[in-house]
Protein chains: 2
Amino acid sequence: MTPNKEDYLKELYKLGGLDHLVSNKQMSQVLEVAPASVSEMLNKLSQEGLLVIEPYKGSQLTPDGLRIAISLLRGHRLWEVFLIRHLGYTWSEAHEDAELLEHISPSRLTDRLDRFLNYPEYCPHGSVIPKSDGQTNEDTLMLLADLKTGDTSKIKKVLEEKKFLDYLQNQGIEIGTQFTVTSVGDYEGPFTLALEEKTIQISYKAACQIFVSEPK
Amino acid sequence: MTPNKEDYLKELYKLGGLDHLVSNKQMSQVLEVAPASVSEMLNKLSQEGLLVIEPYKGSQLTPDGLRIAISLLRGHRLWEVFLIRHLGYTWSEAHEDAELLEHISPSRLTDRLDRFLNYPEYCPHGSVIPKSDGQTNEDTLMLLADLKTGDTSKIKKVLEEKKFLDYLQNQGIEIGTQFTVTSVGDYEGPFTLALEEKTIQISYKAACQIFVSEPK
DNA sequence: CTCCTAATTTAGGTCAACCTAACTTTTATT
DNA sequence: AATAAAAGTTAGGTTGACCTAAATTAGGAG
């Protein structure tokens with residue numbers, strides 16, 4: 001299992017899990033390789049029994065592939081906790097270096113790291129950290145984009161993408177931040193949020209990448 | 001710079017530093033690749049200006065190559081400190097996983113790790129940890145194998161090799177352990193050492209892989 | 001229901017890092 | 001100094017992961 005193949009499995013999981021097939025096009029976009037390269041690599045991985053291909057339709061992880069993907073995510077998120085909690089990383093820095101470190105996550109290491117960090121439930125960006133046995137209970141969250149004016153809620157999870165993370169951190173948004181939606185622009189217009197200390201505006205696109213708890 | 005090339009530079013440094021040429025044979029042994037593969041790779045690295053080859057004689061790092069090699073060693077040793085101090089690794093486990101982690105050591109990460117660990121001077125096996133700027137003041141030590149009966153000294157550094165490390169740790173040898181040589185076998189016979197609490201015997205070969213301070 | 005477009009696959013090629021086998025240079029021995 | 005052994009290099013081949021270009025399939029629009 002090379003770092004390369006690991007990335008294919010991880011992205012396949014993130015894009016579809018066990019729910020639905022993932023197209024080669026999506027894979028080629030997130031992995032930034034040519035579609036032909038995706039076909040080729042997926043064929044190898046399917047021969048290894050890690051995923052199943054429906055030709056021209058898409059592919060999906062097998063239980064074996066799932067196990068590997070989840071352990072990568074576990075490593076990634078534990079490393080993020082370490083980098084932010086102990087080394088003073090920013091959100092986006094932590095994500096970047098965790099992308100490298102996740103490929104060095106034998107269970108001997110991740111299990112001990114987990115203990116050292118005192119078994120954190122969430123990564124700094126709000127994603128659930130799978131347990132050592134691969135178990136992972138995702139919370140049911142909603143998109144900020146689906147809130148209405150007047151709703152009050154809490155930031156629970158954000159998608160991990162460098163520029164987006166920097167943008168959020170500059171705005172002062174953190175996991176757990178409580179806010180009230182004070183206005184929602186029409187036609188995918190911006191959301192205005194009242195935080196504890198200040199009011200900020202975020203684009204509709206950003207609102208689609210932020211998960212929040214049920215509003216009250 | 002791939003992890004592969006990094007390993008060539010690191011081993012070249014460990015085998016010869018800037019002192020003397022290193023033969024391809026040595027390189028092929030420590031890297032466990034065919035001699036022909038060494039020739040090929042060293043050629044590439046010399047084209048990149050990281051080392052100089054004297055055909056049929058051996059090769060040596062340039063200042064650029066040295067810089068990379070030292071930063072790898074720095075990463076390796078800092079990771080070892082972390083693994084042992086915070087994750088409860090044994091000597092040999094720490095060495096193994098540090099071999100992987102060292103290839104993920106951008107200075108952003110190692111410098112912060114260094115600070116987190118409170119700027120340790122030595123790795124758990126007694127090697128000096130190079131500073132961020134590449135500076136490294138090696139202590140002058142002597143081999144345990146060169147001590148005479150009656151000499152009293154302290155363990156300062158041990159070579160990092162899995163089976164050897166396990167052997168030492170089982171014997172209760174640690175960096176800083178004080179001991180007195182109570183007998184030296186003839187013809188490369190074993191050394192008998194009186195530690196604080198007990199007496200142990202170690203082979204001549206082992207005595208050649210242990211560094212100690214000047215006896216008093 | 002045909003046809004066009006977008007997605008996918010196949011074919012053929014590159015590059016990095018390895019290998020074995022054959023050849024050359026160095027060195028050590030007689 | 002001649003030559004055999006050891007070390008190093010060159011040549012040619014393999015594998016993994018990528019690429020472009022060409023051929024194929026799927027699915028929606030008229």
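Just so you know, these numbers come straight off a predicted model, no measurement behind them. Protein chains get the first letters and strands the later ones, always in sequence-line order, with residue 1 at the start of each.
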### Single hit among A:His103, A:Glu102, A:His76 for side-chain hydrogen bond (donor to acceptor under 3.5 Å, both in side chains) with A:Lys10
A:Glu102
Run the side-chain donor-acceptor check on residues 121-129 of chain A: report pairs under 3.5 Å with partners two or more places apart or on a different chain.
from     : atom 1 : to       : atom 2 : distance (Å)
A:Tyr122 : OH     : A:Asp139 : OD2    : 2.7
A:His125 : ND1    : A:Glu80  : OE1    : 3.1
A:His125 : ND1    : A:Glu80  : OE2    : 3.4
A:His125 : ND1    : A:Glu160 : OE2    : 3.2
A:His125 : NE2    : A:Trp91  : O      : 3.2

Between protein and nucleic acid, restricted to nucleotides 12-17 of chain C and to nitrogen or oxygen atoms under 3.5 Å apart, what atom pairs and distances do you find?
from   : atom 1 : to     : atom 2 : distance (Å)
C:dA17 : OP1    : B:Thr2 : OG1    : 2.7

For residues 45-54 of chain B, please give each side-chain donor-acceptor pair under 3.5 Å, one per line with the distance, not counting sequence neighbours.
from    : atom 1 : to      : atom 2 : distance (Å)
B:Ser46 : OG     : B:Asn43 : O      : 3.3
B:Glu48 : OE2    : B:Lys5  : NZ     : 2.5

### Task
Please report, rounded to the nearest Å, how far the P atom of C:dT26 is from the CG atom of B:Leu21.
14 Å
#### Entry: side chain to side chain contact (heavy atoms under 4.5 Å, CB included) partner of A:Met142, the single match among A:Ser153, A:Ser213, A:Pro215
A:Pro215
### Task
Might you confirm whether atom NZ of B:Lys156 has over 12 heavy atoms from other residues, nucleotides or ligands at distances under 6.0 Å?
no
### Query
In whole angstroms, how far is the C1' atom of D:dC18 from the CG atom of A:Leu42?
14 Å
### Task
Rounded to the nearest 0.5 Å, what's the gap from CG on A:Asp7 to CE on A:Met27? Could you check?
9.5 Å
Can you check nucleotides 3-9 of chain D for protein contacts, nitrogen or oxygen pairs under 3.5 Å, and list what you find?
from  : atom 1 : to      : atom 2 : distance (Å)
D:dA7 : OP2    : B:Lys25 : NZ     : 3.3
D:dG8 : OP1    : B:Asn24 : N      : 3.1
D:dG8 : OP2    : B:Lys25 : N      : 2.7
D:dG8 : O3'    : B:Tyr56 : N      : 3.4
D:dT9 : OP1    : B:Tyr56 : N      : 3.4
D:dT9 : OP2    : B:Asn24 : ND2    : 2.4
D:dT9 : OP2    : B:Ser39 : OG     : 2.6

## Note on the structure
A:Tyr204 meets the ring-ring contact (aromatic ring centres under 6.0 Å, His included) criterion, sequence neighbours left out, with none
### Query
Do the non-hydrogen side-chain atoms of A:Leu143 and A:Phe211 ever get within less than 4.5 Å of each other?
yes
### Query
Using rotation axes that map the C1' atoms of four end pairs onto the next four (five pairs an end), what angle separates the end axes of the helix from C:dC1-D:dG30 to C:dT30-D:dA1, to 10°?
10°
### Task
Identify whether the distance between the nearest side-chain nitrogen and carboxylate oxygen of B:Lys162 and B:Asp166 falls below 4.0 Å.
yes
### Task
Report the distance from atom CD of A:Glu32 to atom P of D:dA17, rounded to the nearest whole Å.
18 Å
### Task
Report the relative orientation of the aromatic rings in A:Phe116 and A:His86; use parallel for angles under 30°, tilted for 30 to 60°, perpendicular for over 60°.
tilted
